[in-house]
Amino acid sequence: MPETTQFGGFEENAGISGALKPGTVLLARYKILGVVGGGGQGAVYQARDLSFPDVKRLVAIKEMHVNATDPNLRVSTLKNFQREANILATMTHPAIARILEFFDQNERAYLIMEYINGSDLEQLLVKTKKLPMDKIIEWAIDLCDVLHYLHNHEPDPIIFRDMKPSNIMIDSFGKLRLIDFGIAKAFEVGAKQTMIGTEGYSAPEQYKGNANPLSDIYSLGATLHHIVTRRDPRLEPPFSFPERPILELNPETPPEFARIIEKALSFEPSGRFASCAEMKAALEALRYRPIGAPTSGVPAAAQRPAQPGSASSTQAATATGFFDDINDNLDGNIQPKWAFKTEDEIRSSPVAFQGVAFVGSYDTNVWAIRLDTGEFVWKKATEGGIASSPVVDPDNKQVLFGSDDAHYFAVSMRDGRTNWIYETGGKVRGTGRLADGRVFFGSDDGRIYALLLSTGRKNWEYDTGSPVRCTPAVTNDRVIVGNEAGELAGLDIVDGQRKWSFRARKAILASPFVDIEGVCYVGSMDNYLYALDASSGYSHWRYRTNGAIISSACVDGNFIYVGSTDGKLYCINAQTGKDKWTFDAEKPIVSSPVCHDGTVYVGGTNGRFYAVDAKTGKQKWSYLTGASITSTPYVAVEEKLILIGSMDGKLYAFPLVN
């Protein structure tokens, strides 16, 4: 397969502003070969160590530069980078990449690290249908070992705090490495920590700032549950692992292995293993029992030639050993025009206006990117991850979005400077809807807010009683919104008074959509798509799928398109509620489809971006990204591009072709 590194696939142009050019030499020693990842704060490079002229010794160089004008922010960011370097410098463990050197040059800091040739586990989950069970158990033992090492580090124990598949590298020989110590922290008993980590993998107490060694055990359990079941915990309600028994999802799992994972996932820390050493001992006892699974790595397959213009045709080297059969698996008939790499997962959906794309990332930033080239324009930092999708307010020339830091922001479209900020009582995961000079959005505090676009002043708010994560639908007289309790409410657009409500059996996370006939379509976690009268809430019909509906419905003419966690994209007649066709993506679809010019575009949790014929349900093309897709596509008509974000941290721009 094409070579990848601990920081992602090798890219000549990763869309990173100010990246060093190939051929640049640092300290008269490290020759830059290319960019392999990074974001607006700096790049990660593959480089050659010129101190060894007779052999090609590769290193990874992690760069940090801060564009902030605020001197305090600049100092804080560089301090975090120095902290990561100091942590790594004290480590001597085979599962931790060695730090070779640290220096600063031209107002940038550089960390020289051991180069790892391989792939992260999240990429492996996307690119493989099945991993050998004995190999997974081996990795679980290695992870326990490295976490035990960190938890017993001297002079201060280290809590990793962000165990997940994308932070676990598997090298070309199938050996494991733990990467990205950016949020690892020395542990002090009784000391409050910041609420940091990745939702779905983080332990319950970590949300309260009480991370401890047992929190890493929970995250390890969540990671192993994901690997074994192929169910991404970021796409499920928090702490809902008991609702997804391992043996039901993957009957080939050894029962004792399932019990070990589920013990690590105990909600209460006292129910987990007392230490990583104890968990490792349980796994080692299991390892030497027959488990009825192959003992070899993934079988090798014949190498196929690189497609012209594909990533594999521009790579400098190929991996050997464990990854011999894993290809980029690109269909070859579609390639992105560009891909911009942020610093964490993209869960939100992009939007574009006047030649600039805007997208939020879980790295806490909203990014502005040139549509024609994929080049960095600006970014706006918040204090929390961003799952809310940005919306454009052209009248006030601003971009609006919410953050996990419980604030809703309006920033200048031109440079990202703050116009106004509104504080809510919970995370803002929902996307705003603009209408009548106001923005309507929901918060985890259970309220829906109506704010004036020009000033951010509150017009009204309505308490639904449960977190609101969907985008409201707005008509001439109604604001329609759902919540996690399963209530869909029709509110008066003028004063926010409730006019009607409809109760589904489970949470409503999908956004309602109202067509020109005044019919509201909305999906629920109870597996149903509902058609309701937008003015009264009266039910017209409902359609049952075989999975929860998190995807928001797209209406085009007489047909509705919606995804389900049963892995299917449905085309349903809007008048009768009967399906016309289904398209099977094999893995849950939580991305919302978009229909344009006879094609339905949608992302899958298998990492694929699909183009499906709207009339027949036949696949036109697909493209495999590096991780699950929860983002909704955006069609930039004038530029003839379609944009999609992926949990691999990249925003992709594809040519708009039929």
Side-chain angles (χ1 to χ4, degrees), residues 83 87 90-91 93 95-96 121 136-137 139-168 176 178-229 231-234 236-246 256-287:
R83 179 171 61 84
I87 290 174
T90 64
M91 305 290 182
H93 190 280
I96 299 175
L121 261 176
I136 297 173
I137 294 173
W139 293 335
I141 292 170
D142 291 343
L143 287 169
C144 284
D145 190 76
V146 69
L147 287 177
H148 177 72
Y149 171 82
L150 293 174
H151 296 167
N152 291 275
H153 181 263
E154 295 293 345
D156 298 308
I158 300 297
I159 311 302
F160 189 68
R161 298 200 298 173
D162 202 23
M163 176 67 68
K164 57 185 177 181
S166 62
N167 281 342
I168 301 168
L176 176 145
L178 198 59
I179 62 170
D180 198 350
F181 281 73
I183 67 171
K185 189 174 179 67
F187 176 63
E188 299 176 18
V189 176
K192 277 277 187 179
Q193 315 289 344
T194 54
M195 292 180 286
I196 197 166
T198 300
E199 184 173 8
Y201 299 101
S202 297
E205 66 273 10
Q206 199 165 334
Y207 287 75
K208 302 176 183 178
N210 295 324
N212 59 71
L214 300 184
S215 305
D216 278 347
I217 290 177
Y218 181 96
S219 297
L220 173 55
T223 298
L224 294 173
H225 190 286
H226 184 180
I227 295 169
V228 170
T229 68
R231 291 284 290 270
D232 191 331
R234 296 167 296 188
E236 308 286 348
F239 322 126
S240 61
F241 291 103
E243 300 175 14
R244 305 190 300 282
I246 293 172
E256 183 59 29
F257 189 29
R259 285 192 286 271
I260 290 171
I261 296 172
E262 287 164 355
K263 179 178 175 67
L265 285 168
S266 295
F267 187 88
E268 295 295 337
S270 59
R272 302 170 202 159
F273 292 95
S275 67
C276 285
E278 182 181 317
M279 184 173 175
K280 178 183 176 183
L283 289 165
E284 286 182 326
L286 170 66
R287 185 181 187 183

Q | Worked verdict on E205 versus K208 for salt bridge (Lys or Arg N to Asp or Glu O under 4.0 Å) | A | CA-CA 5 Å; E205 66 273 10; K208 302 176 183 178; over 6 Å; no
Q) If you round to the nearest 0.5 Å, how far is CD1 of I168 from CH2 of W139? A) 9.5 Å
Q.
Tell me the closest heavy-atom pair linking A264 and G221, and the distance in Å.
A. CB-CA, 4.0 Å
Q) For the residue pair R272 and P204, what are the closest heavy atoms and their distance? A) NH2-CD, 3.7 Å
Q. To the nearest 0.5 Å, what is the distance between CG (L220) and CG (L214)?
A. 12.0 Å
Q | Heavy-atom side-chain contact between L283 and F257 under 4.5 Å | A | yes
Q.
Using 0.5 Å steps for rounding, measure from the NE2 atom of H151 to the SG atom of C276.
A. 5.0 Å
(Q) Please evaluate residues N167 and T198 with respect to the criterion side-chain contact (heavy atoms from CB on, under 4.5 Å), reporting the C-alpha separation (whole Å), side-chain torsions for both, the decisive distance (0.1 Å), and the verdict. (A) CA-CA 11 Å; N167 281 342; T198 300; over 6 Å; no
(Q) Please enumerate all residues that pass side chain to side chain contact (heavy atoms under 4.5 Å, CB included) together with A281, with sequence neighbours excluded. (A) none
Q.
Please enumerate all residues that pass ring-ring contact (aromatic ring centres under 6.0 Å, His included) together with F241, with sequence neighbours excluded.
A. H225
**Q.** Gap separating the CD1 atom of I96 from the CD1 atom of I158, nearest 0.5 angstrom
**A.** 9.5 Å
Q: Kindly determine whether L121 and H226 satisfy side-chain contact (heavy atoms from CB on, under 4.5 Å), including the steps that lead there.
A: CA-CA 10 Å; L121 261 176; H226 184 180; over 6 Å; no
Q | For E262, all residues meeting salt bridge (charged side-chain N to carboxylate O under 4.0 Å, His left out), sequence neighbours excluded | A | none
Q) Quick one: salt bridge (charged side-chain N to carboxylate O under 4.0 Å, His left out) partners of D216, sequence neighbours excluded? A) none
Q | A222 versus P233, closest heavy-atom pair with distance | A | O-CG, 4.5 Å
Q | Separation of D142 CG from L147 CG (nearest 0.5 Å) | A | 11.0 Å
(Q) Restricting to non-hydrogen atoms, name the atom on I217 and the atom on M279 that form the minimum distance, rounded to 0.1 Å. (A) CG2-SD, 4.1 Å
Q) Backbone N or O of D162 within a donor-acceptor pair of the S219 side chain at under 3.5 Å? A) no
Q) Is there a side-chain contact between E199 and P238 (heavy atoms, below 4.5 Å)? A) yes
Q) Sequence neighbours excluded, which residues qualify as salt bridge (charged side-chain N to carboxylate O under 4.0 Å, His left out) partners of R234? A) E122, D232, E345
Q: To the nearest 0.5 angstrom, please state how far the OG atom of S215 sits from the CE atom of M163.
A: 12.0 Å
Q: Check I159 against A211 and note the closest heavy-atom contact, atom names and distance.
A: CG2-CB, 4.5 Å
Q: Using a 4.5 Å cut-off on heavy atoms from C-beta on, say whether the side chain of Y201 contacts that of P165.
A: yes
Q | Step-by-step side-chain contact (heavy atoms from CB on, under 4.5 Å) determination, M91 to H153 | A | CA-CA 8 Å; M91 305 290 182; H153 181 263; 4.0 Å; yes
Q | Evaluation steps, side-chain contact (heavy atoms from CB on, under 4.5 Å), between L150 and H93 | A | CA-CA 9 Å; L150 293 174; H93 190 280; over 6 Å; no
Q | Residue pair D145 / I141, side-chain heavy-atom distance below 4.5 Å | A | no
Q | For F273, ring-ring contact (aromatic ring centres under 6.0 Å, His included) partners two or more places apart | A | none
Q) Does some side-chain heavy atom of K280 sit less than 4.5 Å from a side-chain heavy atom of H148? A) no
